[in-house]
Amino acid sequence: MALRVMVIGGYGNFGSIVCRHLAAAPGIELVISGRDPHKLQRKLDELNAQPGTVCEGWCGDAMGAGFAGVLLSKHIQLVIHTGGPFQGQSYAVALSCIEAGVNYCDLSDCRTFVNGVGVLDVHAKQAGVAILSGCSSVPTLSSALIDQYRSRFSRIDSIEHGISSSAKMPGLSTIEGVLAYAGKPIKQLRNGQVHEVLGWQDLTLRKMPVLGTRVLANVDVPDMDIFAGRYGAHTLRFKAGAGLKLGGVANWVLAQALKLGVVRDHVAWAARLHRLGTWFERFGDGKSAMYIDVQGLGTDGRPLSLTVQLTALNDKGPEIPSCAAVALAIKIAQGYVPMPGARPCVGEITVDEYMAAINDPANLSLAVRFSDEQRV
């Protein structure tokens, strides 16, 4: 029997990618959800024009009362929530899934949202469903990459990772989300001690294979709370940046203005920067990447470092945050049963499952390097 999957926000930036993959996946019946009937119908027409594809639609507010009844009436077995921004959003969708007995995952990378989902753990276990938050680049893919090579380390001391996107602009809700902490304190870990940095400050340059030199700045992610306990790391940092250096500088200026009180509301400025970025995206190179640097001791007790970079070409970067949910849905359709409970989405899928879900080797490649590779 096919797995019935509903994608909330299925015509949005990331939701469209999720739906495109799932519409072609065997063993999955796709239901697309959204509040705009015209956008929803256009997406349905687009996908159903593909040979052998039959997608259904539901137009309504998934955050509203009665959504659990909708899930039951449509026999949904998995909900994929892509409707950000998740900063300040409630767990209404997840609660409806618990009420309806439906598994759930979302694409949130909001630290408080992802790491706070445990408040639903008891209810999720009682209902026998999995509520998985952060099924995206962070923390799902970042943890999968470290898990892949964890056995090479006897001890992990530091993890520094980040994302450099292409110049192609994501949806406005994504921009609102990433700017929500501009100029605000972010708790990181340095030598075992919690210390604060400011969002979109501390501009740095990083040379990245294929991409060249990119501008990065402090960004808040769920990993900062997860990786200390999962890997025992004493130093944790995360940075991100846009494909054009001008974008990084613009974010830095806005963060300064918010910190000084010159600007009080980031939402209006997010819309302005989104419009500006859309105009400048023509000057980008279409390249983006996630990188992870891990430092520690190898199994022989000697210092060991690992550098991983997942590179995307031709503006395929949005595939990376989108396809964790695709990989999870395909895995469930093939018989995988996630443990009941509410938690961040780590340890649910492997790197190979992630890459298979993206299935675009011409545009996405993984490079791995150990410092002791001469001795291996």
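Just so you know, residue 1 is the first one in the sequence shown, and it goes up from there. Side chains included, hydrogens not; waters and symmetry mates left out as well; all remaining heavy atoms used.
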Which atom of [X] lies closest to which atom of [Y], heavy atoms considered:
{"X": "Gln89", "Y": "Gly84", "answer": "NE2-CA, 4.3 Å"}
{"X": "Ala233", "Y": "Leu189", "answer": "O-CD2, 3.5 Å"}
{"X": "Leu107", "Y": "Ala325", "answer": "CD1-CB, 3.8 Å"}
{"X": "Ala324", "Y": "Ser136", "answer": "CB-N, 3.8 Å"}
{"X": "Ile320", "Y": "Ile358", "answer": "CA-CD1, 4.4 Å"}

Flag yes if more than 12 heavy atoms outside [X] fall under 6.0 Å of its [atom1] atom; otherwise flag no.
{"X": "Lys39", "atom1": "NZ", "result": "no"}
{"X": "Gln193", "atom1": "CD", "result": "no"}
{"X": "Arg150", "atom1": "CZ", "result": "yes"}

(Q) side chain to side chain contact (heavy atoms under 4.5 Å, CB included) for Gln41 and Leu44? Distances and angles first, verdict last. (A) CA-CA 5 Å; Gln41 190 59 53; Leu44 286 170; 4.2 Å; yes
Q. Just one of Ser108, Ser90, Pro344 clears the side-chain contact (heavy atoms from CB on, under 4.5 Å) bar with Phe113, so which one?
A. Ser108
Q.
Going by side-chain contact (heavy atoms from CB on, under 4.5 Å), Ser164 matches just one of Gln309, Met290, Met208. Which one?
A. Met208
Q: Answer with yes or no after comparing the ring centroid distance for Phe153 and Tyr231 against a 6.0 Å cut-off, counting only values under it.
A: no
Q) Stepwise, does the side chain to side chain contact (heavy atoms under 4.5 Å, CB included) test hold for Asp147 with Arg230? A) CA-CA 10 Å; Asp147 289 347; Arg230 187 173 180 84; 2.7 Å; yes
Q. Ser158 and Thr235: side-chain donor and acceptor closer than 3.5 Å?
A. no
Q.
Can you list, by chain and residue number, the hydrophobic cluster partners of Ile17 when the side-chain cut-off is 4.5 Å?
A. none
Q: Please assess Ser166 against Asp315 for the test side chain to side chain donor-acceptor pair (under 3.5 Å), listing each intermediate value before the final yes or no.
A: CA-CA 6 Å; Ser166 71; Asp315 287 319; 2.9 Å; yes
Side chains of residues 216-228: which donor-acceptor partners sit under 3.5 Å, not counting sequence neighbours?
unit_1 : atom_1 : unit_2 : atom_2 : d
Asn218 : OD1    : Lys239 : NZ     : 3.0
Asn218 : ND2    : Leu198 : O      : 3.0
Asn218 : ND2    : Gln201 : O      : 3.2
Asn218 : ND2    : Asp202 : OD2    : 2.6
Asp220 : OD1    : Arg111 : NH1    : 2.7
Asp223 : OD2    : Ser142 : OG     : 2.6
Asp223 : OD2    : His161 : NE2    : 3.0
Asp225 : OD1    : Arg111 : NE     : 3.4
Asp225 : OD1    : Arg111 : NH2    : 2.8
Asp225 : OD2    : Arg111 : NE     : 2.9
Asp225 : OD2    : Asn115 : ND2    : 3.0

Q) Quick one: do Ile80 and Leu328 end up in the same hydrophobic cluster if we chain Ile, Leu, Val, Met, Phe, Trp and Tyr together by side-chain heavy atoms under 4.5 Å apart? A) yes
(Q) Any side-chain to backbone donor/acceptor pair from Gln77 onto Arg4? Under 3.5 Å, distance only. (A) yes
Q.
Looking at Asn48, is its backbone amide N or carbonyl O close enough to the side chain of Thr53 to form a donor-acceptor pair, meaning the two atoms are under 3.5 Å apart?
A. no
Q: Establish, for the pair Arg152 and Phe370, whether the NZ or CZ atom is under 6.0 angstrom from the six-membered ring centre and no further than 45 degrees off its axis.
A: yes
Q: Cation-pi check, Arg206 to Tyr291: give yes when NZ or CZ is under 6.0 Å from the six-membered ring centre and within 45° of the ring axis, no otherwise.
A: yes
Q) Is the closest basic N to carboxylate O distance between Asp157 and Arg155 below 4.0 Å? A) yes
